[in-house]
Each structure stands twice: as structure tokens, then as C-alpha cells.
Amino acid sequence: MPSNYSLFYTFDGDQPARFREARVFGTTVWTAAGAAMTWGEETRKDYASEAEAHAAYLAECHAALMDGYTLARAMLIDPAVFDFALLQTLVADAARLAFDGVRRAHPEQHLNAFALVSDDSAMTIGPMANSREALAASEYGEEMLWNPAEWAFDDGGAYFDSAYRLLLQAHRELPFDVDFDTFRSGVFDACIAALAQLDAEGVFGTGAQRDEGVLLFEVSDSEPVENAMARLNSPAVVARFEAWMASWTD
């Protein structure tokens with residue numbers, strides 16, 4: 001049965017600072033609140049009827065607005081369907097803002113690498129970026145280029161909070177009936193598609209500048225996602241990566 005859901009934020013500049021969520025399913029109202037990119041604190045309360053629960057849900061939404069929060073998303077959630085298209089949109093918007101934020105914060109750096117990093121349970125998404133200067137200064141050399149965890153810049157993580165909230169419905173004790181393997185592969189594909197979308201828009205540069213840049217999607221402590229490298233990079237970059245990988249087996 002679909003349930004109503006609303007997400008609210010306060011902001012620090014243009015980045016989410018604190019969130020509040022409210023959801024009603026059946027006779028239960030669930031809420032969560034806390035700092036952006038955290039699990040937050042949850043509450044849930046059962047009511048005598050669905051009508052009472054819905055009224056309580058609306059009261060929670062009104063209270064968030066009265067407390068100075070801004071409505072970011074209101075939607076119906078079907079526990080049997082995950083909205084991968086919405087996830088791709090949220091990730092693309094966040095990645096665009098994060099990359100632009102790094103560029104503004106470090107104007108002296110020539111950015112040549114950007115990545116989104118998730119985890120094996122598909123619960124988190126975060127940005128990393130690197131520059132020619134940071135790569136040249138690194139003691140790890142070529143190895144650093146292919147390891148976003150070693151990159152210099154992680155600005156803009158809070159932009160991804162809205163996407164993170166969407167993912168968390170699969171990990172909290174909430175109605176969620178999507179097969180996990182389907183969910184996981186769909187999340188990873190949405191992230192890769194979001195990066196490809198921004199790349200097509202020229203966000204990461206064009207021409208020779210882009211051909212020399214590296215765009216990655218990585219799942220920490222897991223095997224590379226099949227075809228992600230080829231979907232996001234020029235043949236020259238793919239060949240460079242394959243040569244580096246081969247050097248480890250020689």
C-alpha cells in the first residue's frame with residue numbers, strides 16, 4: 001500500500017544542514033530528524049485509525065514548516081517499487097553542485113578527476129575530486145589516480161542528502177519490498193547514468209580537457225561495477241587504467 005512521505009531541510013548556504021522526515025503507512029506515523037548525511041533520530045507512533053494517523057502526519061509536516069524547515073520533497077512511496085529515475089535526478093543535481101563547489105573552493109587547482117563512491121549495501125553516495133597538482137604531489141603516483149579514497153577533495157557531500165534519504169528506506173525498518181539485488185544494481189546504474197548525463201552536458205569539460213580527465217563510480221571494498229569505466233571515460237583513459245591493472249599482475 002502506498003504511503004505519504006515528506007522531507008524538509010534547513011540550509012547552510014545552499015547545502016542541507018538539518019533534515020526532518022515524516023511518513024505515514026497504515027495507522028503508523030514515522031519521523032526522523034538530524035544533521036544532514038546522518039541517520040538521525042527516529043520516532044514512530046501507532047494510531048487507532050488511518051484517518052488519525054494521516055492527521056498526525058499532516059501535523060508533523062506543518063510543525064516542520066513552522067520550525068523554519070523548507071519542504072524539499074513530498075511523494076507517494078510504493079514499497080514494491082523503487083524510483084530509480086528520481087534517484088538519478090537527485091544524484092545528477094548533487095554531483096553538479098558538488099563539482100562546481102570544489103572548483104569554486106579551489107580555483108588554483110586544475111581538476112582532472114571526479115568520482116561518486118558508494119558501498120556494497122548501496123546505502124551511501126559521496127563525491128570525491130582530484131587535480132593535476134594533487135596527483136603530481138602524491139607519493140603514490142599512478143595508483144592515486146584510480147583510488148578516489150586517496151583524492152584531495154571531498155567538498156559537497158551534503159548535497160547528496162536527498163539521495164541518501166531515498167536510499168535509506170531500504171535500510172530502515174520501513175515497508176520495503178524491492179528485491180535487494182535489484183535495488184543494489186539499480187542504485188549503482190543510476191549513479192553511473194547520472195555521471196554520464198553530466199558528462200554529456202559538458203560539466204566535466206570538453207575536448208582534450210575531458211579526454212584527459214577521469215570519471216569514476218566506485219563501490220568501496222568491492223569489485224568494480226562492470227562497464228562503468230568504459231561508460232564514463234575515453235578509450236585512452238580506459239587503456240591507461242587497463243595498463244595500470246596489468247602492471248599489478250606482471
Side-chain angles (χ1 to χ4, degrees), residues 13-16 84-118 124-138 140-164 166 185-220 224-247:
D14 65 344
Q15 294 195 53
F84 295 109
L86 174 59
L87 178 64
Q88 180 179 331
T89 297
L90 294 174
V91 171
D93 290 346
R96 182 186 293 106
L97 291 167
F99 187 75
D100 287 345
V102 174
R103 192 159 45 192
R104 290 194 307 272
H106 308 282
E108 76 289 353
Q109 301 284 318
H110 295 83
L111 300 183
N112 67 345
F114 185 78
L116 294 181
V117 181
S118 186
T124 59
I125 303 171
M128 296 297 296
N130 210 33
S131 66
R132 291 205 306 259
E133 292 81 3
L135 181 62
S138 172
Y140 298 106
E142 185 80 355
E143 182 179 354
M144 183 191 193
L145 182 61
W146 311 111
N147 289 279
E150 304 298 329
W151 289 0
F153 312 112
D154 61 358
D155 311 57
Y159 289 124
F160 289 83
D161 190 83
S162 188
Y164 177 53
L166 196 64
S185 63
V187 168
F188 295 165
D189 189 70
C191 290
I192 295 167
L195 288 174
Q197 173 190 330
L198 297 185
D199 193 23
E201 295 173 7
V203 169
F204 305 112
T206 58
Q209 177 192 17
R210 175 62 189 96
D211 289 341
E212 295 174 1
V214 173
L215 196 56
L216 300 177
F217 174 73
E218 182 174 278
V219 180
S220 58
V225 177
E226 186 176 0
N227 294 324
M229 176 69 69
R231 286 174 64 181
L232 297 174
N233 293 280
S234 68
V237 168
V238 174
R240 184 177 176 181
F241 173 72
E242 291 175 346
W244 176 75
M245 288 291 289
S247 71

(request) Determine yes or no for a side-chain-to-main-chain donor-acceptor pair under 3.5 angstrom, with Ser220 supplying the side chain and Ser118 the backbone. (result) yes
(request) Write down the atom of Asp155, the atom of Ala98, and the distance for their closest heavy-atom approach. (result) O-CB, 4.0 Å
(message) Quick check: closest heavy atoms across Val214 and Trp146, and the distance to 0.1 Å?
(response) CG1-CZ3, 4.0 Å
(message) Show, in sequence, the C-alpha distance, side-chain angles and deciding distance for Arg96 and Glu201, and conclude whether the side-chain contact (heavy atoms from CB on, under 4.5 Å) test is met.
(response) CA-CA 10 Å; Arg96 182 186 293 106; Glu201 295 173 7; 2.8 Å; yes
(message) Applying side-chain contact (heavy atoms from CB on, under 4.5 Å) to Phe160 and Leu116, what does each step give before you reach the verdict?
(response) CA-CA 10 Å; Phe160 289 83; Leu116 294 181; 3.5 Å; yes
(message) The test is side-chain hydrogen bond (donor to acceptor under 3.5 Å, both in side chains); show your working for Asp93 and Tyr159 and say whether it passes.
(response) CA-CA 8 Å; Asp93 290 346; Tyr159 289 124; over 6 Å; no
(request) Would you give the length of the straight line joining atom CD of Glu143 to atom CG of Leu135, rounded to the nearest 0.5 angstrom? (result) 11.5 Å
Could you tabulate the donor-acceptor pairs under 3.5 Å formed by side-chain atoms of residues 227-239, not counting sequence neighbours?
{"from": "Arg231", "atom 1": "NH1", "to": "Asp189", "atom 2": "OD1", "distance (Å)": "2.8"}
{"from": "Asn233", "atom 1": "OD1", "to": "Leu215", "atom 2": "N", "distance (Å)": "2.9"}
{"from": "Asn233", "atom 1": "ND2", "to": "Leu215", "atom 2": "O", "distance (Å)": "2.7"}
{"from": "Asn233", "atom 1": "ND2", "to": "Met229", "atom 2": "O", "distance (Å)": "3.2"}
{"from": "Ser234", "atom 1": "OG", "to": "Asp211", "atom 2": "O", "distance (Å)": "3.2"}
{"from": "Ser234", "atom 1": "OG", "to": "Val237", "atom 2": "N", "distance (Å)": "3.3"}

(message) As an exercise, state the distance from CG of Asn130 to CZ of Phe114, rounded to the nearest 0.5 Å.
(response) 12.0 Å
(request) Could you tell me whether the side chain of Arg240 and the main chain of Ala243 form a donor-acceptor pair under 3.5 Å? (result) no
(request) To the nearest 0.5 angstrom, please state how far the CD1 atom of Ile192 sits from the CD atom of Gln197. (result) 14.0 Å
(request) Check Ala134 against Ala152 and note the closest heavy-atom contact, atom names and distance. (result) CB-CB, 3.8 Å
(message) Restricting to non-hydrogen atoms, name the atom on Ala190 and the atom on Gln88 that form the minimum distance, rounded to 0.1 Å.
(response) O-CG, 3.7 Å
(message) Can you tell me how far apart CD1 (Ile125) and CG (Asp161) are? Round to the nearest 0.5 Å.
(response) 11.0 Å
(message) Taking salt bridge (charged side-chain N to carboxylate O under 4.0 Å, His left out) as the cut-off, I'd like each qualifying pair that reaches into residues 102-115, sequence neighbours left out, listed once.
(response) Asp100-Arg103
(message) Salt bridge or not between Arg132 and Glu212? Use side-chain N to carboxylate O under 4.0 Å.
(response) no
(request) For residues Pro148 and Val117, report the shortest heavy-atom separation together with the two atoms involved. (result) CB-CG2, 4.0 Å
(request) Can you measure from CG (Leu145) to CD (Glu150) and round to the nearest 0.5 angstrom? (result) 12.5 Å
(request) Give me the ring orientation class for Phe204 and Phe99: parallel if the planes are under 30° apart, tilted from 30 to 60°, perpendicular past 60°. (result) perpendicular
